[in-house]
Amino acid sequence: MSFLNDVTVTRRLRRLVFILVGLMLTAMVAGGVAVLGAYRQVDRLATVLGPAADANSMLLQTLTDAETGLRAYDASQEAALLQPYVGAHQRSDAYESQLRSALGPESARWADSLDEQAEWIEVWWRYAENSRARLDAGGNLDLMTGKQLFDRVREANGTLGKELRDERVETRAASTGQLRDALVLLVGGGLLASVLALYAGWRIARALTGSIDALRHVVHLQRLGDRAARADERDGPLDVRGLAADFNHLTETTRRLEEDQREAIRLRELTLELATALRGRVSADEALAMTVRSLGEATGTTAAIFTTDSTSRGETGRWGLAACWPEGAIDESGVVLEVPVSRESITKGLWLSGRLLETSDFANDDLRQWPFFRSIAEQVPMGALLGTPLGVGDGVIGAMLLVAPEPREWTTHERTTLQQATAYAARAFLAEERQQQQAEHVARLESLDRQKDEFVGTVSHELRTPLTSIAGYLEMLADGDLGEVAPAQQKALTVIDRNTVRLRGLIEDVLVLNRIETRGLDPSFLPVDVGALVRDVAQDLQPQASANDIRIDVLDLPEPCVVSGDSLQLGRALTNVIGNAVKFSRNGGAVTVSAVLEATRVRIQCRDEGIGIPATDMERMFSRFFRASNATQQAIPGTGLGLAIVKAIVEAHHGELELHSVEGEGTSVVLVLPLVEVEPDAHREQPEPRRDVASEVVVDA
């Protein structure tokens, strides 16, 4: 079918579509005209003839009801039987107006019938009104005259009704015929268009079968992986040949994209391998050498890294060759850099602008005028150049260069790989210096920490010596060994003694914290009986509590209840907790101490009904030298180290410290310590040294 080679299938289909559309439009227009006519007839039936016939029927019914009511009233003289007559005149006028309104412009067609009916209705109503007046006066109806008049009204109404019914029948028949004609036109036009479409489609399909099958075969080969398969662009209709050409172009584009994707994957894998290798413990020189070797082998270029010389960081500094692949390809002594153009000025400019130094044809680029690049070109063939600054953050280390022997275009993947690999190398290069700086920083911090600990320990010990002397002479003064003391002087000595005790307690607390933080507790803990320890502490603090009319209630403690630890330090912690509860309780209050055994630990709780802790202060209660705001406002003495010491001791015993408090209601402190399994009564065999708690601990919140 050579005619298809000169005319495209698209043009033939377009012609066929135009013909089909013309046939369909003709059938639709003809059918639409018929449907419109039928619609108008149906609309006339629904809006004109139907309402008019209904109004005419209701008019006759109204007049009939009025005539019947009038006769019934004449026969019985009962006013109730006259009800259908009442208002009938207005209703008949309304129906008559409705009849004329329904007919609208067509009223002229039935004007004679309408006028005749209206005339006889008016005559009958005059007769009816006169008869109504005569009946009200006690007279009788003129039945013969009334019958004759109403017969004329009925006759005129029937004539008009018959005309309307006949018109409705004719209109209904006309609409049915028009709908039938429209259906015939639409179905006939559709069938004709379908037959024509099937015939033309069959002809076109026969012409296209060979070309399409050949194209489908090529597509199938491509799906099977034959990337060399191409469609025949010389056989078939014009549009099929064009489709074959587009398919071949798409196939070639896909091939290039696949090659580009493979190249991207290859370079990404190279970058990941390099990043993995640089994460190991490699020196800066090894990291740079690995980077240039990987990039050079991956791109087939000469790769080189120039870094900043630590001895010459000014604008006049020279390039320092840090690494090169192949090794020895570039001789650093042959690289020339003119003043004032320096390595840092170039790399910083590129770094701040985020740009790459790139040329696809070095021989025709302005870069060949730079002595630096010209000296490199004298040592290795330079057809193209790609460079990027080497640095991390705001610091520039140097520059990374790729030199291709022949002019070439650099791909996006090569640019990305160069930047990523350079970034990895820069981080590895700086890691060594950062590690050295961190090591020096840690060493300085450790030295400062040791000096701080030594200073605190020395100062604390040095302060205890004069305090002991002060306390001794103070006791001699108070006892009168140095002469009689007046009452006012005795009061002043009491104040001095109280503050001396507070200062000694502060020094002891600082020493305890310093000892725990520097040396920790003795790792060779011994079993400690919690019940005995709690009772001893409560007994030691009982005099202080009794002086303030405060009761210490120690509830029944579980037996056995043994923890592993330092009994002196645990006693110190309990003394601080229970002592705080006594100190911050109101006179006449009570402090309750209890213990609860759990699966692997014991919860020692001390609860008071004192002043409590404000909610805003709860988070800082374990901080050194911090005191609750209400305690400060009420001038309750303390240093703010008590809970810090308790927390340090409990955590050193692998336990937990809980603090619950409501201001004005009281405070609950819970020491959670791990239990230790011992033989029955074994812990009692370990003698616990008795200590003077009051002399070594000053309680504080």
Inset, instruction - Go through the steps to decide whether L659 and T667 satisfy the test side chain to side chain contact (heavy atoms under 4.5 Å, CB included), and finish with yes or no. - result: CA-CA 8 Å; L659 179 64; T667 302; 3.7 Å; yes
Inset, instruction - Kindly determine whether L99 and L160 satisfy side chain to side chain contact (heavy atoms under 4.5 Å, CB included), including the steps that lead there. - result: CA-CA 11 Å; L99 172 61; L160 180 59; 3.6 Å; yes
Inset, instruction - Evaluate the criterion side chain to side chain contact (heavy atoms under 4.5 Å, CB included) for residue pair R408 and T301; output intermediate values, then yes/no. - result: CA-CA 11 Å; R408 54 165 295 181; T301 62; 4.2 Å; yes
Inset, instruction - List the steps and the verdict of side chain to side chain contact (heavy atoms under 4.5 Å, CB included) for T271 and T416. - result: CA-CA 10 Å; T271 305; T416 302; over 6 Å; no
Inset, instruction - Quick one: do D65 and Q61 satisfy side-chain hydrogen bond (donor to acceptor under 3.5 Å, both in side chains)? Show the steps, please. - result: CA-CA 6 Å; D65 293 342; Q61 183 64 42; 3.0 Å; yes
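Between E414 and L402, every side-chain heavy-atom pair lies at or beyond the 4.5 Å cut-off. The shortest side-chain heavy-atom distance between T159 and E116 does not fall under the 4.5 Å cut-off. A 4.5 Å side-chain heavy-atom check between R268 and I265 finds at least one atom pair inside the cut-off. Side chains of S294 and E273 form no contact here, defined as non-hydrogen atoms less than 4.5 Å apart. Proximity of T253 to L257: side-chain heavy atoms (C-beta onward) are separated by under 4.5 Å at one or more points. With contacts defined as side-chain heavy-atom distances shorter than 4.5 Å, the pair E259/R255 qualifies. Side-chain contact between T291 and T422 is absent, with no heavy-atom pair separated by less than 4.5 Å. Two residues are said to be in side-chain contact when any heavy atoms from C-beta on lie closer than 4.5 Å; R230 and T251 meet this criterion.
For the atom pair CD (E658) and NE2 (H660), the distance works out to 4.5 Å, reported to the nearest 0.5 Å. The structure places CG of N130 at 11.0 Å from CG of L135, a figure rounded to the nearest 0.5 Å. Between the CG atom in D361 and the OG1 atom in T359 there is a gap of 6.0 Å [rounded to 0.5 Å]. Taking CG from L386 and CG from L418, the interatomic distance works out to 5.0 Å, rounded to the nearest 0.5 Å. Separation of atoms CG (L103) and CG (L114) is listed at 6.0 Å; rounding is to 0.5 Å. Here the NE2-CD distance, from H413 to Q420, works out to 11.5 Å after rounding to the nearest 0.5 Å.
Around the CD atom of E252, the shell of radius 6.0 Å holds more than 12 heavy atoms that belong to other residues, nucleotides or ligands. Counting non-hydrogen atoms of neighbouring residues, nucleotides and ligands closer than 6.0 angstrom, the CZ atom of R256 exceeds 12 such neighbours. At most 12 heavy atoms of other shown residues, nucleotides or ligands fall within 6.0 angstrom of atom CD in Q261. Annotation for D226: atom CG counts as buried by contact number, over 12 foreign heavy atoms lying within 6.0 Å.
For residues 93-105, the pairs satisfying side-chain hydrogen bond (donor to acceptor under 3.5 Å, both in side chains) are R100-D115, with sequence neighbours left out.
Not counting sequence neighbours, the partners of R71 by the side chain to side chain donor-acceptor pair (under 3.5 Å) test are E67. A search for salt bridge (Lys or Arg N to Asp or Glu O under 4.0 Å) contacts involving E598 returns R601, R603, not counting sequence neighbours. With sequence neighbours left out, H89 forms a ring pair (Phe, Tyr, Trp, His ring centres under 6.0 Å) with W125. Partners of R134 according to the salt bridge (Lys or Arg N to Asp or Glu O under 4.0 Å) rule, which considers only residues two or more places apart in sequence or in another chain, do not exist here. Applying the ring pair (Phe, Tyr, Trp, His ring centres under 6.0 Å) test to Y424 and every residue at least two apart in sequence or in another chain returns nothing.
N56 places a side-chain N or O within donor-acceptor distance of the main-chain N or O of N157, the cut-off being under 3.5 Å.
Shown here for L295 and A421, the closest heavy-atom pair between the two residues is CD2-CB, 3.9 Å. In terms of heavy-atom proximity, P614 sits nearest to A628 at CD-CB, 4.3 Å. Between A66 and A88, the closest heavy-atom pair is CB-CB, 3.5 Å. In terms of heavy atoms, A52 sits closest to A102 at N-CB, 3.7 Å.
Between R154 and D151, at least one side-chain nitrogen of the basic residue sits less than 4.0 Å from a carboxylate oxygen of the acidic one, meeting the salt-bridge criterion. Between K162 and D166 a salt bridge is recorded (basic side-chain N to carboxylate O distance below 4.0 Å). With salt bridges taken as basic N to acidic carboxylate O contacts below 4.0 Å, one links E263 and R266.
No cation-pi contact links R126 to W124, judged by a cut-off of 6.0 Å to the six-membered ring centre and 45° from its axis.
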